[in-house]
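Right, one structure below, let's go through it.
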Amino acid sequence: MRALRILNRSIRDSFKSVFRNLSLSMASIACTTVTLILVAISLILTYNVNNITTNLEKELTVVAYFKADSTEKDRINIENDLKTMPNIDKVVFKSKDEWIAEMKNESDTLKTTLDYLESNPLLDSITVTVKDVNGLKQTADKIRSYDFISSAEYGEGMVENIIGIFDAISKGTIIIVLALVLVTAFLISNTIKLTIFSRKTEIEIMRLVGASNIAIKLPFIFEGFVLGIIGSLIPILLTVYGYVYLFNTTGGYVFTKILILSDPFPFVFIVSAFLLVIGALVGMFGSWRAVRKYLKI
Amino acid sequence: MKLIKVEHAYKIYKNGTTAVADISVNIDKGEFVFVIGPTGCGKSTFMKMLYREEKPTDGKIIVGGIDVSKLRNSKVYKLRRKIGVVFQDFKLLPKLTVYENVAFALETLGLPNSQIRPKVLKAVEAVGLKEKLRNLPSQLSGGEQQRVAIARAIVNEPKLLICDEPTGNLDPDTSKEIMSIIDNINKESGTTIIMATHDKELVNKMKKRVIVIEDGVIASDDMKGRYKVHESVKNTK
């Protein structure tokens with residue numbers, strides 16, 4: 001019960017202190033807000049980039065065509081070889097007869113044209129789905145190295161570019177966010193430092209009457225916590241309403257149908273929870289630092 | 001029964017200044033002791049060592065069964081709960097009323113309101129400020145402010161009350177009032193009092209035990225002593 005009362009008192013005091021030093025508190029809160037908005041953007045971006053990359057990866061296949069003189073044995077050979085490679089997810093063989101049947105089904109004009117031909121001019125093919133998109137080029141090169149393969153194609157260049165850009169964007173934002181998180185922690189630490197100085201007599205009396213160290217320190221730790229939580233409110237609202245708005249106006253696609261935004265629910269709530277936790281942790285870290293440095297007991 | 005036992009206590013500051021050198025003294029429960037001596041003689045350091053504001057460099061200090069010289073920083077609060085301290089400059093919180101200032105001590109210890117209220121009222125009554133419970137320190141005279149500080153020091157019913165020149169800022173009449181309040185606390189609740197002062201008249205009038213500290217050592221220790229200044233401590237050693 002005593003611990004609960006001390007906790008209760010600490011929380012009450014921390015709120016009082018936030019409002020007592022309002023201008024300083026506002027600076028810390030504003031910095032937390034800006035940081036957390038960027039954290040939100042980076043979280044949303046990173047998650048969606050991952051999502052898009054996964055989608056791309058699912059779509060990404062290498063299509064290889066056999067030379068016309070290749071044999072059934074070659075086909076079995078390459079299929080067995082590929083299946084032993086770690087990055088290969090699926091290997092699907094499609095014979096030239098299947099191709100022609102498919103093409104004939106596509107349109108009547110094609111059917112008429114193809115029917116004129118005496119022999120099938122198409123080639124047998126295998127479609128290889130890879131597990132990791134980064135190994136795509138390697139897989140294509142490997143397939144090309146067989147003599148009986150005439151060509152192996154994938155969206156060469158384009159895919160690497162898109163993924164490279166996404167990678168750079170998420171890495172860049174992570175660095176900026178980390179820097180901002182540090183700045184925010186220092187700013188909160190500074191606010192708490194001034195609170196500690198302004199409450200010197202109070203701390204002195206608390207020590208004299210025998211308040212335990214934790215009872216003296218708790219209000220300051222909570223103050224940072226409160227600053228962090230208040231600072232996370234606007235970013236959370238922006239995330240919830242902003243992302244849902246973006247999703248609804250774009251219909252869930254950015255630019256093309258490949259770049260799909262993930263569903264807003266429960267995604268926005270997970271991001272919000274993250275923001276709240278980050279805000280609270282940054283605040284507490286800042287105040288903990290100030291308490292450790294300036295509150296000598 | 002001994003409340004305070006000091007054996008060969010030294011306090012040497014990092015810059016080499018010796019504030020207290022080889023002090024040994026025993027103080028019984030319920031005693032009233034004056035500690036006198038010129039400014040800078042080491043009496044404040046001696047008193048600070050008793051409530052562990054300063055840690056002795058060497059020697060042994062036991063207060064209320066707690067070995068102060070071995071007490072870890074994180075455990076100091078256990079000692080402080082047995083001791084009340086009153087200063088020359090009152091150290092009241094200016095934004096809190098008389099009641100709140102006294103209650104503050106108990107609140108920080110996590111006592112429930114149902115226990116805080118009767119204790120605060122009892123302490124405030126003991127210093128005769130019941131009528132001014134809702135006043136802020138700025139609305140009180142110096143003597144009244146010191147009385148609030150005393151009430152705060154005794155609200156948790158400490159075994160020992162340390163007063164570091166409590167009348168230093170007050171006129172002679174108010175000093176007498178404060179003195180009689182402290183004397184009453186000593187007589188009624190048996191609280192041990194250790195008081196540092198420069199007030200000759202008060203010391204002579206009270207006829208209590210007087211410990212004289214000069215140049216960091218005890219120059220004399222008399223039961224029913226009088227205020228005195230030893231001409232040269234070095235010659236008396």
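A note on names: the letters A, B, ... follow the listed sequences, proteins ahead of strands, and every chain is numbered from 1.
Among B:Arg81, B:Lys78, B:Arg80, the single residue meeting the side chain to side chain contact (heavy atoms under 4.5 Å, CB included) criterion with A:Ser212 is B:Arg81.
Around atom OH of A:Tyr245, no more than 12 heavy atoms belonging to other residues, nucleotides or ligands sit under 6.0 Å away. Within a 6.0 Å radius of CZ in A:Phe197, more than 12 heavy atoms belonging to other residues, nucleotides or ligands are found. Open room surrounds NZ on B:Lys5; 12 or fewer heavy atoms of other groups in view lie less than 6.0 Å from it. In A:Phe247, the CZ atom is crowded: over 12 heavy atoms of neighbouring residues, nucleotides or ligands sit closer than 6.0 Å. Summarising the local packing, NZ of B:Lys55 is surrounded by more than 12 heavy atoms from other residues, nucleotides or ligands at distances under 6.0 Å. Atom CZ of A:Arg12 sits in a crowded spot, with more than 12 heavy atoms from other residues, nucleotides or ligands closer than 6.0 Å. In the displayed structure, B:Leu71 atom CG is contacted under 6.0 Å by more than 12 heavy atoms of other residues, nucleotides or ligands. When the shell of 6.0 Å around CZ of A:Phe15 is examined, it contains 12 or fewer heavy atoms from other residues, nucleotides or ligands.
Going from atom CD of A:Glu204 over to atom CD of B:Glu53 covers 7.0 Å, rounded to the nearest 0.5 Å. Note that the CZ atom of B:Phe104 and the CZ atom of A:Arg9 stand 5.0 Å from one another [nearest 0.5 Å]. If you take CG on A:Asn213 and CG on B:Asn73, they are separated by 7.5 Å, rounding to the nearest 0.5 Å.
Ranked by heavy-atom pairs under 4.5 Å with chain A, the list B:Ile83, B:Leu93, B:Val155 is led by B:Leu93. Annotation: maximal heavy-atom pairing with chain A below 4.5 Å, among B:Pro112, B:Ser74, B:Ala153, occurs at B:Pro112. Among A:Ile6, A:Thr201, A:Leu208, the residue with the largest count of heavy-atom pairs under 4.5 Å with chain B is A:Leu208. The choice from A:Gly210, A:Ala211, A:Ala215 that makes the most heavy-atom pairs within less than 4.5 Å of chain B is A:Gly210.
Scanning residues 156-170 of chain B against chain A with a 4.5 Å heavy-atom cutoff picks out nothing at all.
Within the structure, every pair that satisfies the side chain to side chain donor-acceptor pair (under 3.5 Å) test and touches residues 282-291 of chain A, not counting sequence neighbours, is listed here: A:Ser189-A:Arg289.
Heavy-atom distances place no part of B:Pro94 under 4.5 Å from chain A, backbone and side chain included. Both the backbone and the side chain of B:Glu107 come within contact range of chain A, judged by heavy atoms closer than 4.5 Å.
Within the 4.5 Å cutoff, the side chain of B:Leu111 has no heavy atoms near those of the A:Arg5 side chain.
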